[in-house]
Amino acid sequence: MTTRSCPCGLPEPYAACCGRYHRGEAAAPTAEALMRSRYSAFVQGDPGYLLRTWHPRTRPGRLDLDPGMRWTGLEILATSDGSAFHSTGTVTFRASYRGGSLTEHSRFERVDGAWVYVDGDFPDV
């Protein structure tokens with residue numbers, strides 16, 4: 001990631017990429033775009049966006065982010081469904097942080113037309 005590119009790994013500047021979702025100017029059009037924007041919200045330390053994009057039935061009451069966590073990169077490993085033509089989708093990704101990485105298989109659904117994160121599991125890779 002360059003200082004000009006979005007934390008999600010796409011080449012656009014943050015303001016034109018995930019920043020527009022975080023500011024509420026647009027909704028993520030796919031499950032993958034939502035996942036990328038949620039990763040960027042972790043990087044930016046934006047728990048409000050993370051909670052707003054969490055499915056109501058699985059959303060925690062609060063979210064405390066570790067201010068010492070330094071996310072360093074995102075790699076999309078697989079996607080299924082999750083487009084404008086679907087009501088559900090999955091994204092498997094690897095998120096790197098200073099000192100390690102985590103892999104998650106995330107599930108997404110549409111609620112009132114908007115993609116939201118439902119839950120995820122951590123496959124052995």
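Since this is a predicted model, take the numbers as computed values, not measurements.
Legend: residues meeting side-chain hydrogen bond (donor to acceptor under 3.5 Å, both in side chains) with Thr90, ordered by chain and number and at least two apart, are Ser80. Partners of Ser106 under the side-chain hydrogen bond (donor to acceptor under 3.5 Å, both in side chains) rule, at least two apart in sequence or in another chain, are Glu104. With sequence neighbours left out, Arg98 forms a side chain to side chain contact (heavy atoms under 4.5 Å, CB included) with Arg70. Remark: Asp119 engages Arg107 in a salt bridge (charged side-chain N to carboxylate O under 4.0 Å, His left out) (not counting sequence neighbours). Considering only residues two or more places apart in sequence or on other chains, Tyr49 meets the ring-ring contact (aromatic ring centres under 6.0 Å, His included) condition with His22. Under the salt bridge (charged side-chain N to carboxylate O under 4.0 Å, His left out) criterion, Glu12 pairs with no residue, sequence neighbours left out. Applying the ring-ring contact (aromatic ring centres under 6.0 Å, His included) criterion to His105, with sequence neighbours excluded, gives no partner residue. Applying the side chain to side chain contact (heavy atoms under 4.5 Å, CB included) criterion to Asp64, with sequence neighbours excluded, gives Arg62. For Arg36, the salt bridge (charged side-chain N to carboxylate O under 4.0 Å, His left out) partners two or more places apart in sequence, or in a different chain, are Glu32. Qualifying salt bridge (charged side-chain N to carboxylate O under 4.0 Å, His left out) partners for Asp66, counting only residues two or more places apart in sequence or in other chains: none.
Hydrophobic side-chain contacts under 4.5 Å tie Val116 into a cluster, directly or through other members, with Val111.
Residues Phe42 and Tyr14 fall into different hydrophobic clusters, defined by Ile, Leu, Val, Met, Phe, Trp and Tyr side chains chained together at heavy-atom separations under 4.5 Å. Leu10 and Tyr21 fall into different hydrophobic clusters, where Ile, Leu, Val, Met, Phe, Trp and Tyr residues are linked whenever their side-chain heavy atoms come under 4.5 Å apart, directly or through other members.
Among the candidates Arg38, Glu109, Arg59, the single residue satisfying the side chain to side chain contact (heavy atoms under 4.5 Å, CB included) test with Tyr117 is Arg38.
Rounding to the nearest 0.5 Å places SG of Cys8 at 14.5 Å from CH2 of Trp71. One distance of note links CZ of Phe93 with CD1 of Ile76; it measures 7.5 Å at 0.5 Å rounding. Rounded to the nearest 0.5 Å, atoms OG1 (Thr92) and CZ (Phe122) are 11.5 Å apart.
Checked by atom type and distance alone, the side chain of Ser40 never pairs as donor or acceptor with a backbone atom of Ser37 at under 3.5 Å.
Counting heavy atoms from C-beta on, the side chains of Pro7 and Leu74 never come closer than 4.5 Å. Contact annotation: the side chain of Leu50 approaches that of Leu65 to within less than 4.5 Å [non-hydrogen atoms, C-beta and beyond].
Residues Thr58 and Val118 share a closest heavy-atom pair of OG1-O, 2.6 Å. The two residues Tyr39 and Ser96 come nearest to each other via the heavy atoms OH-O, 4.1 Å.
Among residues at least two apart or in separate chains, salt bridge (Lys or Arg N to Asp or Glu O under 4.0 Å) pairs with a member in residues 74-92 are Glu75-Arg94.
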